[in-house]
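Below you'll find the structure, written out as structure tokens, and then a few comments.
By convention in this document, chain letters (A, B, ...) are assigned in the order of the sequence lines, proteins followed by strands, and residues within each chain are numbered from 1. Just so you know, these numbers come straight off a predicted model, no measurement behind them.
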2 protein chains.
Amino acid sequence: MYLLHLLYLVKNFHLEESRYALASKLYVAVDCIIFGFDDGELKILVFNRQVAPLKGMWSLIGSFVLINESAEAAGKRVLKDFTGLDDIFMEELKTYSDVARDSGARCISIGQYALIRLTEKNTNLAAKYGAKWFEVSKVPDLVLDHNQMVADGLQRLRNVAQFYPIGLELLPKKFTIPQLQKLYEEIFQKKMDTRNFRKKLLSLNILIQLDEKDKSGSKKGAFLYEFDYAKYRKLKNKGFSFSLFKV
Amino acid sequence: MYLLHLLYLVKNFHLEESRYALASKLYVAVDCIIFGFDDGELKILVFNRQVAPLKGMWSLIGSFVLINESAEAAGKRVLKDFTGLDDIFMEELKTYSDVARDSGARCISIGQYALIRLTEKNTNLAAKYGAKWFEVSKVPDLVLDHNQMVADGLQRLRNVAQFYPIGLELLPKKFTIPQLQKLYEEIFQKKMDTRNFRKKLLSLNILIQLDEKDKSGSKKGAFLYEFDYAKYRKLKNKGFSFSLFKV
DNA sequence: ACAAAAGTGTTATTACTACACCCATGA
DNA sequence: TCATGGGTGTAGTAATAACACTTTTGT
């Protein structure tokens, strides 16, 4: 195995143009900050390493970026492997490249944050891989600089959610207005007025009210809504900005 | 030279822990999207390659990330080398990691955007390195995915400038209100009303009016102001947001 | 019948937009 | 004296924030 790898390095080295000759190559990884919203709480998926090295420590899930894939593809691959889900909202957060961040080897990591719709199915899936959902304020000590990644991811989520409707990526496709309000209250750690929230939200005209009600939250039941992506995209192109409250 | 590099690879390979054995290393570069504001125009510093490969082509300036420096340090190093300036505003934009983005070798690049205060001194410096300032709408064809980087950088500048006073990084430390307004009009491609702009700006209470006037723009002269960073930081910690107009 | 969450209107305050003229000065 | 850009105020409109009660329904 070692020999094969070495041969690969040698072969590759000869193929490269001279302008690369002086540069060093680095390990490049992706790490995923996966957010979920469940039980009225914003949570992050953390992973308990079941193999050495760092066995037993909590960590974000990640992977090296392979030679034949982009960082985005690597992120999607990781998400698929550990949640079973395709088609997840994922965006680059930032890179982590401190020289000493990984004591094992010089390795930079591209942090990506992802928002997933929590259902029983994928919470179970997470458990299968030794993963666990932690409330954002109760994330344990993680390996390397992963706690920093979580902090940065949370801040980014807040910044982006203020102006883009990405919060909806955390809710089921059909959701109620009280659910959405709770989500925003949780993201921004701030109570909001029900009447003002509804009024502002509905005035944006990007929700479709359905005929169904969700009765899981109350006896009366709350109307379900869907997000009108097509309409939102049209408005966005005209310079419209989704914003549920003053910054 | 080749032999030395090869020996380095071999040596390094043995030092690495087994968990890295299967991963490939990649070239990691930084590329800088350098913005400047001069002559009432928002400009980008572009570099004409004077050596092979890609001799004669326009390109952003960049460098490989060396084994003993962070990406941020690499960016600062590049800025220092090509502008002679320390202490420049620089922030990570995003990574570019398409497999085929660089035909020479598998290489990812971390785009960083920087804002510099243009003065005669550093415009000259740029010229020395075969660099040239282009108005953002007139940037020529660049190598690789650098035009994409410019487009992304510009969009990011707009997004960030809407809510943070980074525009001030493009002006001299002492600046006039008409200068600032022109800058914003240029960034957002939008004429603004002088009275409303002033009123809003001054109501934020983060500018210090000086006793000097700048007479370069008119016979009457315009009062110079300084940004009150300390005050801004205090306000920001309290949740204040710098925003000069509705989104 | 009552507990628990859903849903609804009005008013005061604040922020925004639109708009036109005088001022100071150097040439 | 005149051309040039700097500087100022007001009024109409729109957005926001503060506030409490009724409705529905399962138990």
Using the criterion of both pairing distances under 3.5 Å for Watson-Crick and G-U wobble pairs, give all stems of 3 or more consecutive pairs involving DNA chain D. C:1-27 with D:1-27

Report, one line per pair, each donor and acceptor closer than 3.5 Å where one atom sits in a side chain of residues 149-156 of chain B; sequence neighbours left out.
from   : atom 1 : to     : atom 2 : distance (Å)
B:D152 : OD1    : B:Q148 : NE2    : 2.9
B:D152 : OD2    : B:Y96  : OH     : 2.5
B:R156 : NH1    : B:L93  : O      : 3.2
B:R156 : NH2    : B:E92  : O      : 3.1
B:R156 : NH2    : B:L93  : O      : 3.3

Could you tell me how far apart B:L201 (CG) and C:dC16 (P) are, to the nearest whole angstrom? 13 Å

With A:E169 via salt bridge (Lys or Arg N to Asp or Glu O under 4.0 Å) - residues at least two apart: A:R117

List the atom of B:V78, the atom of B:C32, and the distance in Å for their closest heavy-atom pair. CG1-SG, 3.9 Å

Between CE of B:M192 and P of C:dC16 the distance, given in whole Å, is 13 Å

Counterpart residues, side-chain contact (heavy atoms from CB on, under 4.5 Å), relative to A:P172 (two or more places apart): none

Interatomic distance, A:Q209 CD vs C:dA6 C1' [rounded to whole Å]: 12 Å

Going 5' to 3' through nucleotides 8-14 of chain C, assign each nucleotide B (protein heavy atom under 4.0 Å from a base atom), S (under 4.0 Å only from sugar-phosphate atoms) or - (no protein heavy atom that close). BBB----

Taking ring-ring contact (aromatic ring centres under 6.0 Å, His included) as the definition, give me every residue that meets it alongside B:Y232, ordered by chain and number, with sequence neighbours left out. B:F227

B:K76: partners by side-chain contact (heavy atoms from CB on, under 4.5 Å), with sequence neighbours left out: B:E72, B:M90

Between A:Q112 and A:A71, is there a donor-acceptor pair closer than 3.5 Å when you use the side chain of the first and the backbone of the second? yes

Contacts of A:R158 that satisfy salt bridge (Lys or Arg N to Asp or Glu O under 4.0 Å) - sequence neighbours left out: none

Rounded to whole Å, the NZ-C1' distance (B:K200 to C:dA15) equals 8 Å

Contacts of B:Y164 meeting ring-ring contact (aromatic ring centres under 6.0 Å, His included) (sequence neighbours excluded), chain-then-number -> none

Atom CZ of B:F223 and atom P of C:dC23: how far apart are they, to the nearest Å? 16 Å

Nearest whole angstrom, please: distance from the P of D:dG5 to the CD of B:Q181. 14 Å

Contact list for residues 213-227 of chain B, test salt bridge (charged side-chain N to carboxylate O under 4.0 Å, His left out), sequence neighbours left out: none

Rounded to the Å, how far apart are B:L224 CG and D:dG5 C1'? 15 Å

Give the residues of residues 213-222 of chain B touching DNA chain C, defined as any heavy atom closer than 4.0 Å, sorted by residue number. B:K215, B:K219, B:K220

Whole angstrom value for the distance that separates C1' of D:dG5 from NZ of B:K191: 13 Å

Test salt bridge (Lys or Arg N to Asp or Glu O under 4.0 Å) applied to B:K174 - qualifying residues, sequence neighbours left out: B:E212

